[in-house]
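The residues of the chain are indexed from 1 along the displayed sequence.
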Amino acid sequence: PQDVRLAQAFGVDGIGLVRTEHMFFDPHRLTVMRELIFADTTEDRQDALNLLLPMQRGDFVEMLSLMKNQSVCIRLLDPPLHEFLPSSREQVVALAEAMNLPLSKVNARIEELAEFNPMLGTRGVRLGITVPEIYEMQARAIFEAVCEVKKNTEILVFPEVMIPLVSAHREVELVKARIDAIASAVQSEQGVELDFKLGVMVETPRAALRAHDIAGTVD
């Protein structure tokens, strides 16, 4: 939200890219994100996501309210998970102590998530498919925020949701199916009609060359 206020001071007429991962780097939120990364069970992972959901939703409510009827394009989580973990030994030791975990377990998880090529590793849509709960939480946060703004204001909200790092049509189909399901569930729960667009970020050569396939699935 503070970035939106700054942008408005410069006379912005829309937001082309909300990088949602930056919402997780606040110290308190980073702790919860790390709990998600170290979760051993689906239940523990969901507990962490349930803590992150209201944080993201609150940000989206404020941002959409500030932007009023202007366009807002929100990119789902893009970076690989290792970017949320410390790199120096001192920070790793501190993390192990803070989470009450053996240092060996923390080091093993960091090593497991290390990327040979972080720019094209398990990130973006690939992470969204392998850990689908993350994108589901983000979609719910966006759609619940839209409902809250529509219920409490006269603002017309039409967010654009962006899937990052796509390279294949099937990837988009899988994520779209989950996002559409979340949208339908939120509409039923809130009694508010949702208007949104779903798109992709074309940043790989394959996505550019196969754009005609992908375009049939997204807006």
**Asked** Taking all non-hydrogen atoms of both residues, which atom of V125 and which atom of Y135 are closest, and how far apart?
**Response** N-OH, 3.6 Å
**Message:** Could you tell me if the side chain of V18 sits less than 4.5 Å from the side chain of M23, heavy atoms only?
**Reply:** yes
**Request:** Determine, for E171 against R206, whether the closest basic-nitrogen to carboxylate-oxygen distance falls under 4.0 angstrom.
**Result:** no
**Message:** Once rounded to the nearest 0.5 Å, what's the spacing between atom CZ of F143 and atom CZ of R57?
**Reply:** 14.0 Å
**Request:** Report yes or no: do Q190 and K151 form a side-chain donor-acceptor pair below 3.5 Å?
**Result:** yes
**Minimum-distance pair of heavy atoms, taken over all atoms of L49 and E133** = CD1-CB, 3.3 Å
**Message:** What's the separation between atom CD1 in I214 and atom OG in S167, rounded to the nearest 0.5 Å?
**Reply:** 7.5 Å
**Asked** Between R89 and L103, is any pair of side-chain heavy atoms under 4.5 Å apart?
**Response** yes
**Prompt:** Can E173 and K176 be said to form a salt bridge (charged side-chain N to carboxylate O under 4.0 Å, His left out), step by step?
**Reply:** CA-CA 5 Å; E173 283 186 326; K176 176 179 166 55; over 6 Å; no
**Message:** When you group the ILVMFWY residues by side-chain heavy-atom contacts below 4.5 Å and let the links chain together, are V218 and M201 in the same group?
**Reply:** no
**Request:** Report yes if some heavy atom in the side chain of E35 is under 4.5 Å from a heavy atom in the side chain of M33; otherwise report no.
**Result:** no
**Request:** Give a yes or no on this: more than 12 heavy atoms of other residues, nucleotides or ligands lie within 6.0 Å of atom CD of E154.
**Result:** no
**Asked** Would a hydrophobic clustering, with Ile, Leu, Val, Met, Phe, Trp and Tyr connected at side-chain separations under 4.5 Å, put L85 with V93?
**Response** yes
**Prompt:** Taking the side chain from Q70 and the backbone from V12, do they hold a donor-acceptor pair closer than 3.5 Å?
**Reply:** yes
**Message:** Under a 3.5 Å distance rule, please check whether D219 uses its side chain to pair with a backbone N or O of L198 as donor and acceptor.
**Reply:** yes
**Request:** Quick one: closest heavy-atom pair of G14 and M67, and the distance?
**Result:** CA-CE, 3.7 Å
**Request:** Take F196 and I179 through the side chain to side chain contact (heavy atoms under 4.5 Å, CB included) test and state the conclusion after the steps.
**Result:** CA-CA 11 Å; F196 70 97; I179 290 175; 4.3 Å; yes
**Whether F25 and F84 hold their rings parallel, tilted or perpendicular, with breakpoints at 30° and 60°** = parallel
**Prompt:** Is any side-chain heavy atom of Q138 closer than 4.5 Å to a side-chain heavy atom of Q56?
**Reply:** yes
**Fill in**
All heavy atoms of A48 vs all of V32, minimum pair found to be O-CG1, 3.4 Å
**Fill in**
Rounding to 0.5 Å, atoms CD (E90) and CG (L95) come to a distance of 13.5 Å
**Prompt:** When you measure from the side chain of R109 to the backbone N and O of I37, does any donor-acceptor pair fall under 3.5 Å?
**Reply:** yes
**Message:** Between M99 and K105, is the side chain to side chain contact (heavy atoms under 4.5 Å, CB included) condition met? List the steps.
**Reply:** CA-CA 11 Å; M99 299 193 71; K105 181 173 182 176; over 6 Å; no
**Request:** State yes or no: do V202 and L120 share one hydrophobic cluster built from I, L, V, M, F, W and Y residues joined by side-chain heavy-atom distances below 4.5 Å, directly or via other members?
**Result:** no
**Item:** Heavy-atom donor-acceptor pair, T20 side chain to R75 backbone, under 3.5 Å
**Value:** yes
**Complete:** Nearest heavy-atom approach of A39 to R45 is CB-N, 3.5 Å
**Prompt:** Is any side-chain heavy atom of R29 less than 4.5 Å from a side-chain heavy atom of D59?
**Reply:** yes
**Item:** Closest heavy-atom pair and its distance - T204, L165
**Value:** CG2-CD1, 4.1 Å
**Prompt:** Does V61 belong to the same Ile/Leu/Val/Met/Phe/Trp/Tyr cluster as F24, with side-chain heavy atoms less than 4.5 Å apart forming each link?
**Reply:** yes
**Message:** So for atom CE, which belongs to M119, do other residues, nucleotides or ligands contribute more than 12 heavy atoms lying within a distance under 6.0 Å?
**Reply:** no
**Prompt:** Heavy-atom distance under 4.5 Å between the side chains of M137 and Q46, does that happen here?
**Reply:** no
**Prompt:** Could you state the interatomic distance from CZ (R140) to CD1 (I182), rounded to the nearest 0.5 Å?
**Reply:** 5.5 Å
**Message:** Any heavy-atom pair between the side chains of D195 and E193 that's under 4.5 Å?
**Reply:** yes
**Prompt:** Do the side chains of L30 and R34 get nearer than 4.5 Å, heavy atoms only?
**Reply:** yes
**Message:** Please evaluate residues L6 and Q2 with respect to the criterion side chain to side chain contact (heavy atoms under 4.5 Å, CB included), reporting the C-alpha separation (whole Å), side-chain torsions for both, the decisive distance (0.1 Å), and the verdict.
**Reply:** CA-CA 6 Å; L6 180 61; Q2 63 267 31; over 6 Å; no
**Asked** Counting N and O atoms only, with roles assigned by atom type, does the side chain of Q8 sit under 3.5 Å from a partner on the main chain of L66, one being a donor and the other an acceptor?
**Response** yes
**Request:** Would you give the length of the straight line joining atom CG of L81 to atom CD1 of I134, rounded to the nearest 0.5 angstrom?
**Result:** 5.5 Å
**Distance, nearest 0.5 Å, that separates CG of L101 from CZ of F38** = 6.5 Å
**Message:** Applying a strict under-4.5 Å side-chain criterion to I, L, V, M, F, W and Y, I'd like to know whether M63 and M162 cluster together.
**Reply:** no
**Prompt:** What's the verdict on side chain to side chain contact (heavy atoms under 4.5 Å, CB included) for E189 and Q187, showing C-alpha distance, side-chain angles and the deciding distance?
**Reply:** CA-CA 6 Å; E189 294 161 9; Q187 282 189 135; over 6 Å; no
**Asked** Among R123, R19, R126, whose salt bridge (charged side-chain N to carboxylate O under 4.0 Å, His left out) with D78 holds?
**Response** R123
